[in-house]
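Counting starts at 1 for both ligands and their atoms, following the listed order.
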Amino acid sequence: MTIEQVRLADLIGAEERAFTAARPRSRELAVRARAHLPGGVPMSWMVKWPGPFPVYVARAAGAHFTCVDGIDHVDLCLGDTGAMSGHSPAATVAAVREQVGRGVTAMLPTEDAVVAAEELARRFGVPQWQFTLSATDANRHVIRYARHVTGRPKVLVVDYCYHGSVDEAFATLDPDGRVVARRGNLGPPVPPEVTTVVVPFNDVAALERALSAGDVAVALLEPAMTNIGIVLPEPGYHAALRDLCTEHGTLLAIDETHTFCAGPGGCTAAWGLAPDVVVVGKTIGGGIPAAAFGMTADLAARVTESVELEDVDVGGVGGTLAGNALSTAAVRATLTEVLTDAAFAHMTALAVRWTDGVQGVLDASGTPWHVTRLGCRAEYAFSAEPPRDGAEAAAADDFALQQYLHLQALNAGVLLTPFHNMALMSPATTADDVDRHTAAFTAAVGALAG
Ligand SMILES: Cc1ncc(COP(=O)(O)O)c(C=O)c1O
């Protein structure tokens, strides 16, 4: 162990002791939970939170939650985007309450689905929408439709992307540029190179080589990477991507599930993108499970004309609960009354404040890290220069350092996402909430410097 590693282990140890002392009730629940929940959690990722056990939530409202030990927290994770609307926003809660009393799911359409689709079309510019319960499902359906209409086998993704638990997207490049299973990929159904072509982000030449083989049905990308920290596109990248997809007959699917943070119509509207498909999930239901994918009129027509009515329920697209009355009521209310233009202006200004706060600490302490912002999402990372692609971002990561910073923030009453160092602003977040993080970060960087 280096001196820095020993020092970090000591700092983590001290934070763990403080965490445990302050949270006897969470600890008690964690011990009890392990009898019937592997790792004491209902979903495996929840073991990744820093600290010896997870914080159990008693209630969440707006940009805060209170744990079962009565501690108030500023929530900058916001359910890793699922609660970007703020927890239980009033308009969504009212719509959901009313709908619960009127029928949750009938496998028949409601007026809310019509209004929600109209609003998504207005914002993202593609006219034909379908709903799912998760962004993962939306991406899976997009891939199926793309293979179906193009007759091509492969999916192109970006190295170190994340699009949900989508088999085709758990592929990465090895040092020799070969497509291999991403580290941690559990039980891949087939070797990933059978289904997937991987290119580094921001690499137009690699895109051209990959697409010119003529076997790629769809290129599935986040417009800016957000799942390995934020990696912004270089000027001209999106224009080249659009042109190359058109030239080689590949559909272009833009996954806005996280990048919806860029503004009311995501990066698609903010940067004038022209995808064939837009995917958006997590945020749009204000916390109620919902996601959607939108298609151009041309693609939607190709799908409709090629699927037999008799087979529409057995083709691998759709789901019994997808597009249900409750989810679409939540989407309508969240889009039209919560995640409005005015809300985005407020959220973005706070993300600027957060970024300025972090940058100020880095400058004052001479810490060679950088901070990046995309709309109302911001993130610091452990390299002096912003990365150009996912591999560069991954190389700069430091899991132990991350664990310390997240646990130290948690002990100061600030929750960051357990994956990298992301902070998200909601319509309910305040300047005081942001400043609480800046104060905690000042202390953490000071402790690291000794
Ligand atoms: C870009 C992107 N797409 C899709 C998903 C999958 O969302 P879900 O877990 O709700 O299916 C995620 C989740 O983080 C994501 O970041």
Student: Tell me which part of Asp137 gets within contact of ligand 1: side chain, backbone, both or neither, using heavy atoms under 4.0 Å.
Tutor: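 None of Asp137 does.
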Student: List the steps and the verdict of side-chain contact (heavy atoms from CB on, under 4.5 Å) for Tyr380 and Leu405.
Tutor: CA-CA 11 Å; Tyr380 59 84; Leu405 287 155; 3.6 Å; yes
Student: Can you tell me which portion of Asn227 lies within the under-4.0 Å heavy-atom range of ligand 1? Options are side chain, backbone, both, or neither.
Tutor: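 Side chain only.
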Student: Under 6.0 Å between the ring centres of Phe260 and Phe124?
Tutor: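 Yes - the distance between ring centres of Phe260 and Phe124 falls below the 6.0 Å cut-off.
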Student: Name the closest protein heavy atom to atom 10 (O) of ligand 1, giving the residue it belongs to and the distance to 0.1 Å.
Tutor: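 Answer, as residue, atom name and distance: Lys282 CG, 3.5 Å.
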Student: Nearest protein heavy atom to atom 8 (P) of ligand 1, by residue and atom, and its distance?
Tutor: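 Closest protein heavy atom to atom 8 (P) of ligand 1: Thr136 OG1, 3.7 Å.
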Student: Could you tell me which atoms of ligand 1, counted from 1 in the order shown, lie closer than 4.0 angstrom to a heavy atom of Asn139?
Tutor: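 Near Asn139, meaning under 4.0 Å from one of its heavy atoms, ligand 1 has 3 (N), 4 (C).
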Student: Could you check Phe201 against Tyr237 for ring pair (Phe, Tyr, Trp, His ring centres under 6.0 Å), going step by step and ending with a plain yes or no?
Tutor: CA-CA 9 Å; Phe201 195 56; Tyr237 182 67; 5.1 Å; yes
Student: Any salt bridge linking Asp137 with Arg144? Criterion: basic side-chain nitrogen under 4.0 Å from a carboxylate oxygen.
Tutor: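 No, no charged N to carboxylate O under 4.0 Å.
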Student: Decide, yes or no, whether a salt bridge links Asp276 with Arg242 under the criterion of side-chain N to carboxylate O below 4.0 Å.
Tutor: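 Judged by the 4.0 Å cut-off on N to carboxylate O distance, Asp276 and Arg242 do form a salt bridge.
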Student: Any idea which atoms of ligand 1 are less than 4.0 Å away from a heavy-atom of Glu222?
Tutor: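 Matching atoms, with element in brackets: 1 (C).
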Student: Could you identify the single nearest non-hydrogen protein atom to atom 6 (C) of ligand 1 and state the distance to 0.1 Å?
Tutor: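 Looking only at protein heavy atoms, the one closest to atom 6 (C) of ligand 1 is Gly164 CA, 3.4 Å.
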Student: Relative to atom 4 (C) of ligand 1, which among Met43, Met225, His163, His258 owns the nearest non-hydrogen atom?
Tutor: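 Nearest heavy atom to atom 4 (C) of ligand 1 lies in His163.
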Student: Going by an N to O cut-off under 4.0 Å, is there a salt bridge joining Arg123 and Glu119?
Tutor: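 Glu119 and Arg123: salt-bridged.
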Student: Could you tell me the residue and atom name of the protein heavy atom closest to atom 7 (O) of ligand 1, and the distance to it rounded to 0.1 Å?
Tutor: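 Nearest protein contact, heavy atoms only, for atom 7 (O) of ligand 1 is Ala135 CB, 3.4 Å.
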Student: Applying side-chain hydrogen bond (donor to acceptor under 3.5 Å, both in side chains) to Arg152 and Thr250, what does each step give before you reach the verdict?
Tutor: CA-CA 9 Å; Arg152 294 177 173 189; Thr250 294; 3.3 Å; yes
Student: Compute the shortest N/O to N/O distance between Asp255 and ligand 1 and return yes if it is under 3.5 Å, no if not.
Tutor: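 Asp255 vs ligand 1: N/O contact under 3.5 Å present.
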